[in-house]
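For reference, the structure discussed in these notes is given below.
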2 protein chains.
Amino acid sequence: MADDILALESFLPYRLNRLADAVSREFAGTYRDRHGLTRPEWRVFATLGQFGTMTATAIGAHSAMHKTKVSRAVVALEQRKWLMRTPDASDRRIEHLALTKAGVTAYREMVPLAKAFEKELLRRLKRAQATALMEGLTALEAGLLGSGAASAPGTAHQSITTLPELPLFMASKPSR
Amino acid sequence: MADDILALESFLPYRLNRLADAVSREFAGTYRDRHGLTRPEWRVFATLGQFGTMTATAIGAHSAMHKTKVSRAVVALEQRKWLMRTPDASDRRIEHLALTKAGVTAYREMVPLAKAFEKELLRRLKRAQATALMEGLTALEAGLLGSGAASAPGTAHQSITTLPELPLFMASKPSR
DNA sequence: GTAAATTTGTTTCAAACGTAACCATCGAAA
DNA sequence: TTTCGATGGTTACGTTTGAAACAAATTTAC
């Protein structure tokens, strides 16, 4: 590789981003059929499902989401009747957030799907002898982005099962 | 870990996304001071810098970007005088895109920055004995997202050098 | 040779986004 | 106790986004 050229296919940040995006889209495909959550909504949902009751700030810190995203996701989940707010006894700025019964039910349905999805991801990694990080990334790229994607310009990406929309996790900027 | 709980901190897609986002932001910090490219613009720019002349479709396929993103990025780079369009001789639908002299100059300045950034990323990985993929991801998370980020809710993310904005690579949906 | 289908790239439109400004509340300092 | 800075969370505003519709050119099918 010439020294004055940056080979994108092997540039770690680039690979990470393409890979993360492809994984999100793929997972969305396994899940979006059930309910149409946005990425922030899914994240808040999954965080509350895991930890039970939390404040909006805590969710944002844990999942690296901007507080406005959390705020809007909370509103959306609330309208969906999956989330409930409870005012704090001693500090009226704080709201304790938790999943409703319906939310917990949905969460219980989601968990096995997510685990199965991850298992499949890891299976692909294993099969490609993904022991080192770079090898692992390469294997995932090959599996998710199509074989030629990272090597030849103009290559189609048909192997990605077409996913019209619906993002899922995607981090964003944490509130400073 | 209970079987009916999904532990987000160790959920591969979640980790990948948070990690990719953190890496993007960090890299943006090293680069955004020079010029204020958006993510799609940076991608088109880097792709053309690497491959020379390409069509918009080829760029989209290679970098997994939606064609509208490519279209808008091309317009922006053209206005910046970093990109030039040349009509195809035999097919008038096609435009061949290439960096201008100014674009190439900017590219030459960018390449060493990107390489240095990646080197630093890999150095962190090595130091954390990132031989296996999961270990590598963990190391990157520890380095980029703050030590407690992935383990305890409510943990601050101060270790991310604050990056007001400017995305960089981020994949998107390839045109079908 | 012409109609239909495809391809290339742009535009439109509604949704999602981040920044900044904002309100309300709290804690600390004087 | 009053004031002032910090904190929890929402709202407003301009920008970015993807899906879908589109125009223009080309290829395919008949």
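Per chain, numbering begins at 1; letters A, B, ... match sequence-line order.
- Nucleotide dA16(C) holds its C1' atom 9 Å from the NZ atom of Lys69(A), rounded to whole Å.
- Remark: Arg108(A) pairs with no residue by the side-chain hydrogen bond (donor to acceptor under 3.5 Å, both in side chains) rule, at least two apart or across chains.
- A search for salt bridge (Lys or Arg N to Asp or Glu O under 4.0 Å) contacts involving Arg85(B) returns Glu78(B), Glu95(B), not counting sequence neighbours.
- Using a distance-only test at 3.5 Å, with no hydrogens or angles considered, no donor-acceptor pair links the side chain of Lys81(A) to the main chain of Lys101(A).
- Side-chain contact check for Thr47(A) and Gln50(A): no donor-acceptor pair (N or O, by modelled atom type) lies under 3.5 Å.
- Distance CZ (Arg92(B)) to P (dA23(D)): 18 Å, rounded to an integer number of Å.
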Please produce a list of atom pairs where a protein N or O lies less than 3.5 Å from an N or O of nucleotides 2-6 of chain C.
none

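- Taking atom CG of residue Asp91(A) and atom C1' of nucleotide dT7(D), one finds them 8 Å apart after rounding to whole Å.
- The interatomic distance linking His66(B) (NE2) with dA16(C) (C1') rounds to 15 Å, in whole Å.
- Qualifying salt bridge (Lys or Arg N to Asp or Glu O under 4.0 Å) partners for Arg72(A), counting only residues two or more places apart in sequence or in other chains: none.
- Atom CE of Met65(B) is separated from atom P of dG18(D) by 10 Å (rounded to the nearest Å).
- The aromatic rings of Phe117(A) and Phe27(A) sit tilted relative to each other, their planes meeting at an angle between 30° and 60°.
- Seen from the ring of Trp42(A), Arg39(A) does not count as a face-on cation partner, given the 6.0 Å and 45° thresholds.
- Residues that satisfy the side-chain hydrogen bond (donor to acceptor under 3.5 Å, both in side chains) test with Asp88(A), not counting sequence neighbours, are Ser90(A), His96(A).
- One atom, CZ of Arg39(A), and another, P of dT17(D), lie 11 Å apart when rounded to the nearest Å.
- Note on ring orientation: taking the six-membered ring where Trp is involved, the planes of Tyr14(B) and His62(A) are parallel (angle under 30°, cut-offs 30° and 60°).
- The CE atom of Met54(A) sits 15 Å away from the C1' atom of dG9(D) (whole-angstrom rounding).
- Proximity of Thr57(B) to the phosphate of dT7(C): no side-chain N or O atom is located under 4.0 Å from OP1 or OP2.
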Quiz item: Which parts of nucleotides 10-15 of chain D does protein reach within less than 4.0 Å, heavy atoms only, written one letter per nucleotide 5' to 3' as B for base, S for sugar-phosphate only and - for none?
Solution: BBB---
